[in-house]
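Reading through the structure tokens given below for one structure.
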Amino acid sequence: MNITLIASVLAYELILIIGVGYYIARQTKNKHAHNDSEFTHGGRQLGVSVIAATLALTVLGTPHIMGIFEMSWNMGATAMWFSIAHVILLVIVCLSTGLWMRRTGVNSVPQLLEDLYGPFIRVIVGCVMAGSIFGVLTLETQGLAILLSAMTGWDVHSSAIAGGILGILYVVLAGIKEVGWINVINAVLMYISVILATLFIAYQLPNHDFSSVTEFYVSNNNADMLTIFGPPELMWTFAFGLVIALVFSQPANQPLLQVCMSAKSEKTIIKALWIAAPINGMFGVFICVIGLTAKSIPEFEVLGAKTAATTMLVQLLPTWLVILLVGSFMAAILSSFAMTALAPATIFSNDIYKRFYKPEASEKDIATVTRIVIIILAIVAVMVGSFLPKILASVGWVLAWLMPVLWLLVSGLFWKRSTIGAGITLISVWVINTLWSFTHVAEWLNMQDIPNSYVMLVATLLIGTVTNILCPGLPKYFGSIEYNAKVLKHRTN
Amino acid sequence: MFWQIFLETLGMIVFIMFVGYVIYRLVHTDKID
């Protein structure tokens, strides 16, 4: 690919990232805005547009681009359920867990779990959550490496390093505020570029529209690939399985909730939903249509699911639009990379460093520690990700680790807080999840066709309910003496 | 093809947000502490 393209995309990303990062860092310094959690939570002063763009882009990364290209090739428009599942997730976060996090004023999910169940639960959940987010970070690093490698012709290792450097810069200069403002600009760019790309592709097809694509699928008896409501077996295993896996684990995950914790108020989060959900959900439509179109053109069909769509884009679009599109794809992946690096770094600085090592740590100390951890995590992710391990295959296992965490959060806030019950629930579900994924237990029980998420959901609900009933514990957190003393008193002051 | 996928997805998104908001208003997750 030509040198103009490479130089333009990298220059755009660098100028935008360093420009915005430098401006916000300077502004914060000039205003002496040393609020609580300025670096990690933007002083809890982020507005609707920043929160909306960041919520939408945090859960829009490599799988939304590379994944939907590939999935639409194999299963048609049913692949759109990947995007729809994320919309359901955003609705749940913005109308429930995100609001509760903002209200309690905590800096991390493990911190709230200590208020509910004590320090032991905080530490084990903090470690597991940071680990599971790190798994996603390596996935985003792979996406960056593959995209840069395809664009520049560099080997995957060098591309991963270059992507990692951009990813670090995206967040390390001014924290979540920097990520947020770059996201606002990138969300606009992403939509302009995918809409233009879709229009250009349509114009180059016979009749200057997608009718030839429709004809291709209909004549091959694949008309059900053109609707999001595909074959029932696919809806059951893929669509419904994905919704369960995401909806019952991710509403308790730090990256999305950290964005909500940074909002100016609970109303900001609710308003942001109306922008974030469509931005996140509709992006997949364009990717899916491009993927379906690539398969309908014989010249690109022979290339196979992994490269057909990207090759078609490079060959059919004018250079300036390819630059814009690759820049926007990189922006989407970089934004997820930034939040998945910031979230575990926040867990470390807040739940390990400040909680157990230096309780009197200032905002400056926290920012420094968070920055160092972001850089270390990104370096390790680049080292792991550049070998392209098959992480996507283990995403179900990674997501299921957080299912009992969401249970503890909801049951502790609204039902009962039993530390023993919480410990038993967490450890049993984690053990079952690992045995189910890495041994032949599922085959012995003749249940290998049942998605991992269904089994873990049943295990979480069953063990969680029984232990909560049998084990001694405190009443629900909302309305409790501790809550009134810690949160309500603070709020009225 | 494009418009079918576009409208089906948009319809699902609007439906999900509507259902979510109705549940939120009924349960009042903003006032249940």
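Below, read A as the first sequence line, B as the second, and so on, with proteins coming before strands; counting in each chain starts at 1.
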Q. Can B:Tyr21 and A:Leu273 be said to form a side-chain contact (heavy atoms from CB on, under 4.5 Å), step by step?
A. CA-CA 10 Å; B:Tyr21 193 70; A:Leu273 170 67; over 6 Å; no

Q | Contacting moiety of A:Leu413, where chain B heavy atoms sit under 4.5 Å | A |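 It is neither, since no heavy atom gets under 4.5 Å.
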
Q: Pick one of side chain, backbone, both or neither for A:Met80, based on which atoms fall under 4.5 Å of a heavy atom in chain B.
A: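 Interface part for A:Met80: side chain.
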
(Q) Strictly less than 4.5 Å between heavy atoms, which residues of residues 201-217 of chain A line up against chain B? Please order them by number. (A)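 Residues of residues 201-217 of chain A touching chain B at under 4.5 Å: A:Phe210, A:Val213, A:Thr214.
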
Q) Looking only at heavy atoms, which of residues 81-88 of chain A get nearer than 4.5 Å to chain B? A)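 Answer by number: A:Trp81, A:Ile84, A:Val87, A:Ile88.
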
Q: Determine which pairs satisfy salt bridge (Lys or Arg N to Asp or Glu O under 4.0 Å) with at least one residue from residues 223-232 of chain A, sequence neighbours left out, and list them in order.
A: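 As it turns out, there is no salt bridge (Lys or Arg N to Asp or Glu O under 4.0 Å) pair with a partner in residues 223-232 of chain A once direct neighbours are skipped.
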
Q: Name all pairs fulfilling the salt bridge (Lys or Arg N to Asp or Glu O under 4.0 Å) condition that reach into residues 70-79 of chain A, sequence neighbours left out, sorted by first residue then second.
A: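 For residues 70-79 of chain A, and leaving out neighbouring residues, the salt bridge (Lys or Arg N to Asp or Glu O under 4.0 Å) pairs sorted by first residue read A:Glu70-A:Lys306.
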
Q. With a cut-off of 6.0 Å (strictly less than), are more than 12 heavy atoms of other residues, nucleotides or ligands near NZ of A:Lys271?
A.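 Open.
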
Q. Quick check: are there more than 12 heavy atoms from other residues, nucleotides or ligands sitting under 6.0 Å from CD1 of A:Ile481?
A.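 No, not enclosed.
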
Measuring from atom [atom1] of [X] to atom [atom2] of [Y], what distance do you get when rounded to the nearest 0.5 angstrom?
{"X": "B:Phe2", "Y": "A:Ile290", "atom1": "CZ", "atom2": "CD1", "answer": "9.5 Å"}
{"X": "B:Thr9", "Y": "A:Phe286", "atom1": "OG1", "atom2": "CZ", "answer": "10.0 Å"}
{"X": "B:Leu10", "Y": "A:Met282", "atom1": "CG", "atom2": "CE", "answer": "4.5 Å"}

(Q) Quick check: closest heavy atoms across B:Ile5 and A:Cys288, and the distance to 0.1 Å? (A)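 The pair with the smallest heavy-atom distance is CD1-SG, 4.5 Å.
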
Q | Portion of B:Met12 that has a non-hydrogen atom of chain A nearer than 4.5 angstrom | A |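 The side chain, not the backbone.
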
Q: Select one option (side chain, backbone, both, neither) describing which atoms of B:Gln4 are under 4.5 Å from chain A's heavy atoms.
A: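 When you check distances to chain A, only side chain atoms of B:Gln4 fall under 4.5 Å.
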
